[in-house]
Each structure stands twice: as C-alpha cells, then as structure tokens.
A.B. asks: 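Pasting a structure below so you can have a look.
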Amino acid sequence: MSDTDIPGRVQAELTRLRAERQVFTAEQDRLKAKLADTEHELREAIAASPDEGESAEVHQRLATQQEELDVAKARSQALEAEVLLAHQQRDSLRAELKTCREERDKLRLALLDAELVVSAGVVDADVLPGGEPSADRQRLLNAERLAAEMARELDATRRTVSWRVTAPLRVVRKKMDRS
C-alpha cells in the first residue's frame, strides 16, 4: 500500500507518529550517550580514588546521575511502549481502511447494478422466482454495464487536457484526409 492510497487524516496521523518516533529515537540516543559519559566519569572517579571529602561529593554526583539515568530509562521504555501502541493503531487503521474500501467497492457495484436495472426498466417476467435475473437478462445487464463503463471512460478521455489540446490537430488531419 503506498502513501497516496491513504486518506488525509490517516496520512496526517502517520506523519505525526513518524515525527514522534524520530524525537523518541533522538532522546534515546541522547540518554544513551549521557549514560556512557556517566559510566566513564564513574570509572575515572574510582580510578582516581581521591580523599574522603571528594569521594563523598563524587558519590553524591554519581547517585544524582544514577537517578537521572533511571528516570531516563523509564521514560525511554514508556516512549517505546507508546511507539509500539501507535504502530498497532496504525496497523488496525490500515485493516479497517481496507475493509471500508472493499465495502465501498461492493456498494458501488450494487449501485451500478441498481442504476442499470432502473434505466433498463426491468420487467418482472425477466426475474426468476429467487430474485435472480434470467440468464438472457443477466447477459443483457452485463453488456449494458460494460457499455456504460466504456462510455464513462470515453467521456473522461475527452475531458482531459491532452484531448482538448490536440483537438486542432485532429481537425487538420480530418481535413487532410478529405482532400
């Protein structure tokens, strides 16, 4: 399924979710870098083993950074859970969209059939007792449906810009053929 097949509201939601995912990934990377820096500082502090006064300060800084790290990890996990939920919702919306499109197509076909029946003025004698049209009537309905579809396609072609732009060329060619 390409992005052009997705309705505007769903497209906007997907764009929002993608932007959030990028923000969450950047935040996670930043927190991982901060963790690495903190661990590096801890190793340096342990290796230096300064006197007891500085050691208490280092331990205090380390405890503070550890708390920040724990908060950051919790936030990162919450963000990952939100992203997972967003992906599940997106997949659910895609499935619902597919179902809606299939139902829409069925309804369009039913409407087209009904329009053909009304425009052809179906006689009740052509309909079998089960409500089904007879085989001859069914072929006639299919032929009429095909003719109507072809007429719509021809009309759509004639409404295109290229058809209108090339109209003078076709007129010249007709006049040349007559000569």
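Computed over heavy atoms, backbone and side chain alike; hydrogens, waters and symmetry mates excluded.
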A.B. asks: Just how far is it from atom CG of Asn142 to atom CZ of Arg137, taken to the nearest 0.5 Å?
C.D. replies: 11.0 Å
A.B. asks: How many angstroms lie between CG in Leu42 and NE2 in His59, if you round to the nearest 0.5 Å?
C.D. replies: 9.0 Å
A.B. asks: Is it the case that the side chain of Thr64 and the backbone of Gln60 share a donor-acceptor pair, with hydrogens and angles ignored and the cut-off at 3.5 Å?
C.D. replies: yes
A.B. asks: If you group Ile, Leu, Val, Met, Phe, Trp and Tyr whenever their side-chain heavy atoms sit less than 4.5 Å apart, what else falls in with Leu84?
C.D. replies: none
A.B. asks: Hey, could you give me each pair passing salt bridge (Lys or Arg N to Asp or Glu O under 4.0 Å) that has a residue in residues 60-71? Not counting sequence neighbours.
C.D. replies: Lys34-Glu68, Glu41-Arg61
A.B. asks: List for me each residue that meets side-chain hydrogen bond (donor to acceptor under 3.5 Å, both in side chains) alongside Arg30, sequence neighbours excluded, and say none if there are none.
C.D. replies: Glu27
A.B. asks: Return the set of residues passing side-chain contact (heavy atoms from CB on, under 4.5 Å) with Val10 (not counting sequence neighbours), or none when no residue passes.
C.D. replies: Ile6, Pro7, Leu14
A.B. asks: Restricting to salt bridge (Lys or Arg N to Asp or Glu O under 4.0 Å), what partner residues turn up for Glu149, sequence neighbours left out?
C.D. replies: none
A.B. asks: Between the side chains of His87 and Arg90, does any donor sit under 3.5 Å from an acceptor?
C.D. replies: yes
A.B. asks: Who are the salt bridge (Lys or Arg N to Asp or Glu O under 4.0 Å) partners of Asp37, not counting sequence neighbours?
C.D. replies: none
A.B. asks: Rounded to the nearest 0.5 Å, what separates atom CD in Gln77 from atom CD in Gln28?
C.D. replies: 10.0 Å
A.B. asks: I need the Leu93 CG to Lys98 NZ distance, nearest 0.5 Å.
C.D. replies: 15.0 Å
A.B. asks: Closest heavy-atom contact between Val83 and Phe24?
C.D. replies: CG2-CD1, 3.3 Å
A.B. asks: Which residues satisfy the side-chain hydrogen bond (donor to acceptor under 3.5 Å, both in side chains) test with Arg16, sequence neighbours excluded?
C.D. replies: Glu13, Glu20
A.B. asks: Assess whether atom CD of Glu102 is packed by more than 12 heavy atoms of other residues, nucleotides or ligands within 6.0 Å.
C.D. replies: yes
A.B. asks: Under the side-chain hydrogen bond (donor to acceptor under 3.5 Å, both in side chains) rule, collect the residues that match up with Thr166, sequence neighbours excluded.
C.D. replies: Arg170
A.B. asks: Determine which pairs satisfy side chain to side chain donor-acceptor pair (under 3.5 Å) with at least one residue from residues 104-113, sequence neighbours left out, and list them in order.
C.D. replies: Asp113-Arg145
A.B. asks: Other than Met176, which residues form its hydrophobic cluster under the rule that side-chain heavy atoms must be closer than 4.5 Å?
C.D. replies: Val172
A.B. asks: Residues two or more places apart in sequence or in another chain: which of them pass salt bridge (Lys or Arg N to Asp or Glu O under 4.0 Å) with Arg159?
C.D. replies: Asp155
A.B. asks: Measure the shortest side-chain to side-chain distance between Arg18 and Gln22 over non-hydrogen atoms and say whether it is less than 4.5 angstrom.
C.D. replies: no
A.B. asks: Enter the distance from Gln65:CD to Leu69:CG here, rounded to the nearest 0.5 Å.
C.D. replies: 9.0 Å
A.B. asks: Determine whether a donor-acceptor pair (N or O, by modelled atom type, separation under 3.5 Å) exists between the side chain of Thr99 and the backbone of Ala95.
C.D. replies: yes
A.B. asks: Using a 3.5 Å distance criterion without hydrogens, assess whether the side chain of Thr25 forms a donor-acceptor pair with backbone atoms of Arg21.
C.D. replies: yes
A.B. asks: Please evaluate residues Arg173 and Leu169 with respect to the criterion side chain to side chain contact (heavy atoms under 4.5 Å, CB included), reporting the C-alpha separation (whole Å), side-chain torsions for both, the decisive distance (0.1 Å), and the verdict.
C.D. replies: CA-CA 6 Å; Arg173 188 172 76 196; Leu169 296 174; over 6 Å; no
A.B. asks: Going by the rule salt bridge (Lys or Arg N to Asp or Glu O under 4.0 Å), which residues pair with Asp136 if we only count those two or more places apart in sequence or in a different chain?
C.D. replies: Arg139
A.B. asks: In Å and rounded to the nearest 0.5 Å, what is the CZ to CG distance from Arg152 to Leu154?
C.D. replies: 12.0 Å
